[in-house]
Amino acid sequence: MTFPASGRLLVKLNRPAGAQTIDTNGHAMKIDNVTTTPFDGQRPGTSGLRKKVSVFRQPHYLENFIQSIFPVLEDREGATLILGGDGRYHNADAIQVILRMAAANGIARVLVGRGGILSTPAASCVIRKHRAAGGIILSASHNPGGPQGDFGVKFNIANGGPAPESVTEAIYRNTREIREYRIAVHPPVPLERPGTHALGTMTVEVIDPVADYAELMERLFDFDAIHALFNSGAFRMRFDALHAVTGPYAHAILEQRLGAPPGTVVHGTPLEDFGGGHPDPNLVYARELVDALFRADAPDFGAASDGDGDRNMILGRRCFVTPSDSLAVLAANAHLIPGYRLGLRGVARSMPTSRAVDRVAAAHGIDCYETPTGWKFFGNLLDAGRVTLCGEESFGTGSDHVREKDGLWAVLFWLNLLAVKREPVNKLLRNHWRTFGRDYYTRHDYEALAPEPAHAMLEELHKRLGTLTGRRYGERTVSFADDFAYTDPVDGSVSTGQGIRIRFDDDARIVFRLSGTGTEGATLRVYLERFEPDPAHHGQDPQRVLAGLIAAAGEIAQIQAHTGRTAPTVIT
Ligand code: G16
């Protein structure tokens with residue numbers, strides 16, 4: 001039997017009597033209850049379910065996962081849901097499937113971004129503004145797209161943030177037990193223009209994906225000051241959207257509203273395969289931008305965002321700002337920005353993020369929380385009003401304005417800061433380090449490892465944790481080693497196994513953990529940092545400053561022996 005619109009072959013269909021609804025145009029809509037069986041491996045990772053496109057295109061795969069989300073939606077009947085994605089390959093087909101499933105599952109209204117587009121932070125903004133019960137965001141974030149690339153589904157709850165572990169575990173349990181899903185039989189809903197459509201008794205509202213988000217940004221930042229900066233004739237910027245979702249947002253906000261000259265935004269048209277690139281804003285995958293910022297005629301400011309618009313990379317002329325330093329600089333200067341002029345309630349960072357922001361928090365007398373990797377761990381702290389700013393080493397920065405990290409927000413924050421200070425990024429950074437000291441920091445990734453040896457390596461290291469304290473590696477001695485566990489201060493939930501921390505007698509630190517966002521093999525992440533208080537030593541190459549720690553990491557985890565790798569694949 002063929003299913004209209006999806007074109008997929010489906011197995012047995014059960015059509016119970018009366019499984020018809022009448023839409024607002026008086027048309028009957030048939031709902032099919034489709035018999036299915038569970039798939040292995042539908043447990044959401046660090047940020048949603050991410051798999052190869054070919055996995056998601058298997059019959060029933062997407063549908064099983066989506067059906068497993070509906071029972072966790074509070075007050076589903078009559079609820080509003082937000083739907084959109086980063087425009088990657090399979091986005092358009094998946095949106096139509098989800099719309100038909102939402103209609104069949106009693107959702108009253110779905111707001112969809114025009115063309116199926118919504119950046120992750122914009123989706124968070126729209127969920128909050130329209131008091132939706134939640135949102136489904138189709139993205140594999142910074143992972144490559146296209147038919148051979150990755151696809152993903154994230155579920156956000158009513159606060160606009162990623163579902164916490166209790167919810168993702170409930171969804172996972174549903175995927176283990178699913179026997180049937182519900183889907184309406186209906187032609188595709190046109191999404192190319194804003195407007196309202198009926199899908200059975202459900203209303204589909206196609207919205208401008210930029211409008212609500214741009215309005216929020218205008219409330220937080222001094223757009224006049226940024227406009228004046230762009231018009232000063234003394235400031236040039238390059239924003240690389242990497243052919244991903246932030247293109248339309250950046251064109252609309254930076255060029256059209258803030259007066260940046262056309263051409264400031266490059267690679268601004270979202271493409272299904274991101275133009276064959278890797279939409280990950282870091283020193284390796286955003287090489288073209290990095291090269292442009294290190295040339296003789298470099299612009300003053302450079303920035304990039306990722307596939308779904310929640311990450312950011314900040315560059316000055318001949319200067320890269322690590323995400324950890326960026327968070328610290330924003331925290332130290334927040335009072336200069338209209339949306340934060342009353343000061344910060346507190347700050348939070350993920351455990352592997354450098355401790356640069358801790359120093360700012362200590363100086364300002366505010367709380368600083370250390371959470372596991374994953375934006376979902378900030379949700380409770382933000383909701384409880386304990387923190388205003390948070391960030392992660394993985395190019396994520398955000399605040400309580402939404403419940404996701406927010407790439408363009410971070411760029412606007414920096415622009416506002418530069419408009420107030422009128423000094424180059426590298427000078428601003430140097431002054432920050434002079435005040436607070438510099439946390440030299442780097443992350444080494446070993447991608448696409450065979451999963452078994454990678455897991456064995458960390459298990460073995462885990463077993464040796466108790467024997468490490470007191471051992472000498474090069475010029476340092478281990479003072480502390482553990483596997484990070486987190487107790488959420490708001491709801492008391494406990495998350496264990498969140499990364500191995502090794503601290504040394506000079507307070508230098510190594511963290512080892514396996515990525516929770518990859519789709520191919522395993523990725524080992526090694527995070528390395530060392531504090532340098534003396535401004536006379538602030539201008540050095542982090543790889544050289546951290547060489548001793550890098551060697552110690554290899555020795556402690558026996559990386560080469562376990563993986564056969566002699567060097568990381570990505571250094572940031
Ligand atoms: C996701 C999460 C982030 C996390 C990052 C890295 O980002 O939202 O909170 O820091 O993954 O995770 P991992 O080290 O496990 O790969 P994104 O941008 O991929 O959604």
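As the structure lists them, so they are numbered: ligands from 1, and atoms in each ligand from 1.
A salt bridge links Arg311 with Asp280: the closest approach of a Lys/Arg side-chain nitrogen to an acidic carboxylate oxygen falls below 4.0 angstrom. A salt bridge is defined here as a Lys NZ or Arg NE, NH1 or NH2 lying under 4.0 Å from an Asp or Glu carboxylate O, and Asp439 with Arg359 meets this definition.
Taking the six-membered ring for Trp and thresholds of 30 and 60 degrees, His267 and His243 have ring planes inclined between 30 and 60 degrees apart. Ring orientation note: the planes of Tyr486 and Phe484 are tilted relative to one another, at an angle of 30° to 60°.
Residue-ligand proximity, Glu392 to ligand 1, at heavy-atom distances under 4.0 Å covers atoms 3 (C), 4 (C), 9 (O), 10 (O). Listed by number with element, the atoms of ligand 1 under 4.0 angstrom from any heavy atom of Ser394 are 4 (C), 5 (C), 10 (O). In the vicinity of Ser47, heavy-atom distances shorter than 4.0 Å reach the ligand 1 atoms 1 (C), 2 (C), 8 (O), 20 (O). The distance from ligand 1 to the heavy atoms of Arg513 drops below 4.0 Å at these ligand atoms: 13 (P), 14 (O), 15 (O). Here is the list of ligand 1 atoms found below 4.0 Å of a heavy atom in Thr373: 4 (C), 10 (O), 12 (O).
Between Gly516 and ligand 1, at least one N/O pair is under 3.5 Å apart.
Nearest non-hydrogen protein atom to atom 17 (P) of ligand 1 is Ser141 OG, 3.1 Å. For atom 11 (O) of ligand 1, the nearest non-hydrogen atom of the protein is Thr517 CG2, 3.3 Å. Among all non-hydrogen protein atoms, the one lying nearest atom 7 (O) of ligand 1 is Lys405 NZ, 2.9 Å.
Contacts of Asn143 with ligand 1, taken as heavy-atom pairs under 4.0 Å, are absent altogether.
Across all non-hydrogen atoms, the minimal contact from Asp358 to Arg349 is OD1-NE, 2.7 Å.
Within a 6.0 Å sphere centred on CD of Gln543, other residues, nucleotides and ligands contribute more than 12 heavy atoms. Counting heavy-atom neighbours within 6.0 Å of Glu520 CD, excluding the residue itself, gives a total of 12 or less.
Here the side chain of Asn143 pairs a donor or acceptor atom with the backbone of Thr517 at under 3.5 angstrom.
Comparing heavy-atom distances from atom 6 (C) of ligand 1 across Glu393, Lys376, Lys154, Arg311 singles out Arg311 as nearest.
At least one heavy atom of Arg50 sits less than 4.0 Å from an atom of ligand 1. Using a 4.0 angstrom heavy-atom cutoff, Gly374 counts as in contact with ligand 1.
Taking 4.5 Å as the limit, some side-chain heavy atom of Pro44 sits within range of a side-chain heavy atom of Tyr172.
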